[in-house]
There are 2 protein chains.
Amino acid sequence: MIQKRAKAVTIKEIASHCDVSPSTVSLVLNGSQKIKKSTRDKVFKAAADLEYQPNEMARSLVSSRSRCLSVTVPALNHVFSDVYFGEIISGIYQEAQEAGYKILLDIAQESFIAEKEYLNILRNRRADGMLYIASTVEDRFLLEFEENHDPLLLVNHYFPGSSLNYLSVDYKQAARLCAEHLLKQGHRHIGLIVGTNTFTGLDFRDTFFKVCEQKGISKTSLPWTGCSDWDEQDGYTATRKLMSRHPELTAIMAGNDRMAIGAMRYLINKGLHVPKDVSVMGVDNIPSAKFTTPGLTTLKMDLFEVGRRSCKRLLEILNGRRTECRELLEPHVILRESTGPART
Amino acid sequence: MIQKRAKAVTIKEIASHCDVSPSTVSLVLNGSQKIKKSTRDKVFKAAADLEYQPNEMARSLVSSRSRCLSVTVPALNHVFSDVYFGEIISGIYQEAQEAGYKILLDIAQESFIAEKEYLNILRNRRADGMLYIASTVEDRFLLEFEENHDPLLLVNHYFPGSSLNYLSVDYKQAARLCAEHLLKQGHRHIGLIVGTNTFTGLDFRDTFFKVCEQKGISKTSLPWTGCSDWDEQDGYTATRKLMSRHPELTAIMAGNDRMAIGAMRYLINKGLHVPKDVSVMGVDNIPSAKFTTPGLTTLKMDLFEVGRRSCKRLLEILNGRRTECRELLEPHVILRESTGPART
DNA sequence: TAGAGAAATTCAAACGATTTAACAAGGCGC
DNA sequence: GCGCCTTGTTAAATCGTTTGAATTTCTCTA
């Protein structure tokens, strides 16, 4: 037994209240100037008095636009608890809200992919466009969007070789900044912990290596560990592995702040001092990076802005004011206490 | 100029492909057994071949149900970055997804309230029900839902004196457990940092005091500071205030983990040792509580479960299988290294 | 083989808006 | 007083489903 809801005020009721036709009411409510001022006022007043709310389902049906955007995130464990996604979603929300759009959440879990929900959400008109945050290298299904020219935008990621729209922080530049910072402090043995399930993660790793090698560091002095959860546990485990095999390391470079925090935790547990014994650097500048002990040196990516601008670009595409988007944002170094001169 | 989308396959096309009427197709697709098996097979096959996707807008319009739930959070700064909300939303998502519902996000910012968006989202049929996470004492507008008997459920909060549905962790019990833990360790001078903009926060404070007083601790040994952002900065600032006025404190009890982390950061900055000099205890057991230095003693609230079950209850109400919900979940102490015997 | 009854299918009216073409009324020139 | 243009308003079609009533088709019995 489904609960009945009080039936809502419709355009027809306003019409009969004002002794005009439903068409007139619709015209007025949509701001048409072709209707006489006195009639307009009458209609507006009645709409306000009756607390009229347009039925969005009906509007969407006839206009073929739901004024909703789908925001999809990868199926990580408790993904919405991750500040990384939270910051981006906050940015997306703000922009969407200002444009009168609603946000629909989705997680790219198994069934989402198997049942082609990623396509259906657009096909069944629940959403007008889709923002996919931080997809992974395995998400090849995204390529299906290419042929159909669906309104999709990859957020803080990209798909090499495809024509899919994206807006992302420049992870190559990020790697460059990190490498330069650590090298400047005299580090010559740096352990890298990096997510290997995203193209941006791989870019980061490769560029980091390239910059270090250009400065004369040999590959053997740059051991690395790949991981895919990007969380504190990953950082902890990876650091244990790196430090036990390479005790000569003087710095740990983590692909994000959460992993860096896990790394610090391991080092401190082992009685090592950060940064005197080992420096640790992260990426993202999540809010809590300021409150770790010691404070975490990291890269500010402005994820909120990434979200905000991604949403803006997608809306431009939806409105036909733009046909594609491939945009990169610049990161900046945030100096705190977790990095220092290499021990000698 | 609005982008045109390829027109979708409709029920009519399937009908003409199968030489049956649209009604038949609809009936088949909705699982009616009144249609002959051979016809059913024919329709299913055509639907699959044509990759038919029902237009959800049309379905919603005729059924008056959008199969969407609105999830609303308070207008805190970058609110989706807060693990507290993230955990709850993750839980809500899982339950909703399993029931075939979508999640619509909303933030209760100024315009949301001024324009009565909280009512409109239900009135205009964008959502069938609403989950409001952690409302504050100022959110008196929620009382409007009372008269209309709208399908609303307050998540991890409640509104004293109202008949609004809620599902929440038992914050009085939480306070009891925290107080007992600290008292057992010999603490007699405890500083309290607590959010004062929620009823659950006030409950926590008052119950904490009550339990302590029953054990013979005088109110003057229990200084407290109120705050409203519930973040690390709040905890940091509040601890500075408490410790400078009351250096005799041997423990800091924070209303959540983020504030506790801020508290620890302040104490360590000041050269104090946690827990030898001052113990710190939090509430929530957010994932990173395990990775702080030292690990944070806290209360496990199972926020994921709070979200999951809240969503479940709301769906039960929507389906008429339940008319109200006022449910409390039990918290549990998680022992880590940030609390220890009081210094003497 | 008619006729009743059951089974299968279809009709037609919603649902609540938007939008276009058509219509009514008033003003103006000639 | 007739045609023509303007201005304001409305009827009707449409969007893609669902659904109760009506209709057709089939099956079985007398």
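Proteins come first, then strands; the chains are lettered A, B, ... in the order of their sequence lines, and each starts at number 1.
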Measure the distance from OH on B:Tyr52 to P on D:dG16 and round it to the nearest whole Å. 10 Å
Take a 6.0 Å sphere around NZ of B:Lys42 and say whether it holds more than 12 heavy atoms from other residues, nucleotides or ligands. yes
Rounded to whole angstroms, how far apart are NZ on B:Lys12 and P on D:dC15? 6 Å
To the nearest 10 degrees, the angle between the two end axes of the helix from C:dT1-D:dA30 to C:dC30-D:dG1 (five pairs per end) comes to 70°
Heavy atoms only: give me the nearest B:Leu122-B:Ala127 pair and the separation to one decimal. CD2-O, 3.4 Å
In this structure, how many angstroms lie between the P atom of D:dC15 and the CD atom of B:Glu13, rounded? 11 Å
So, does B:Asp82 use its side chain to make a donor-acceptor pair with the main chain of B:Val79 at under 3.5 Å? no
Taking every heavy atom of A:Tyr52 against every heavy atom of A:Thr10, the minimum-distance pair comes out as CE1-C, 3.8 Å
B:Arg40 side chain to B:Ile35 backbone, donor-acceptor under 3.5 Å: yes
Give a yes or no on this: more than 12 heavy atoms of other residues, nucleotides or ligands lie within 6.0 Å of atom CD of B:Glu146. yes
Let me know the distance between CD1 of B:Ile11 and P of C:dC11, rounded to the nearest Å. 14 Å
Side-chain donor-acceptor pair under 3.5 Å between A:Tyr101 and A:Arg65, yes or no? yes
Assert yes or no for the condition that the ring centre distance of B:Phe199 to B:His157 is strictly below 6.0 Å. yes
Name every residue in residues 53-63 of chain A that has at least one heavy atom under 4.0 Å from any atom of DNA chain D, in order of residue number, or write none if there are no such residues. A:Leu61, A:Val62
B:Arg126 CZ to C:dG16 P, in whole Å, measures 17 Å
Find the distance A:Arg125:CZ to D:dC15:P and express it as a whole number of Å. 14 Å
Protein-nucleotides 8-11 of chain D N/O pairs closer than 3.5 Å?
from, atom 1, to, atom 2, distance (Å)
D:dT9, OP1, A:Thr39, OG1, 2.9
D:dT9, OP2, A:Lys36, N, 3.2
D:dT9, OP2, A:Thr39, OG1, 3.3
D:dT10, OP2, A:Ser21, N, 2.9
D:dT10, OP2, A:Ser21, OG, 3.4
D:dT10, OP2, A:Thr24, OG1, 2.6
D:dA11, N7, A:Ser23, OG, 3.1
D:dA11, N6, A:Ser23, OG, 3.1

Qualifying residue, where the test is ring-ring contact (aromatic ring centres under 6.0 Å, His included) with B:Tyr166 and the options are B:Tyr132, B:Tyr158, B:Phe145, B:Phe159: B:Tyr158
Under a plain distance cut-off of 3.5 Å, with no hydrogens placed, do B:Ser26 and B:Ser23 share a side-chain donor-acceptor pair? no
Which whole-number value in Å describes the distance from A:Leu50 CG to C:dG16 P? 15 Å
Please check this pair: side chain of A:Asn124 against backbone of A:Arg126, looking for a donor-acceptor N/O pair closer than 3.5 Å. yes
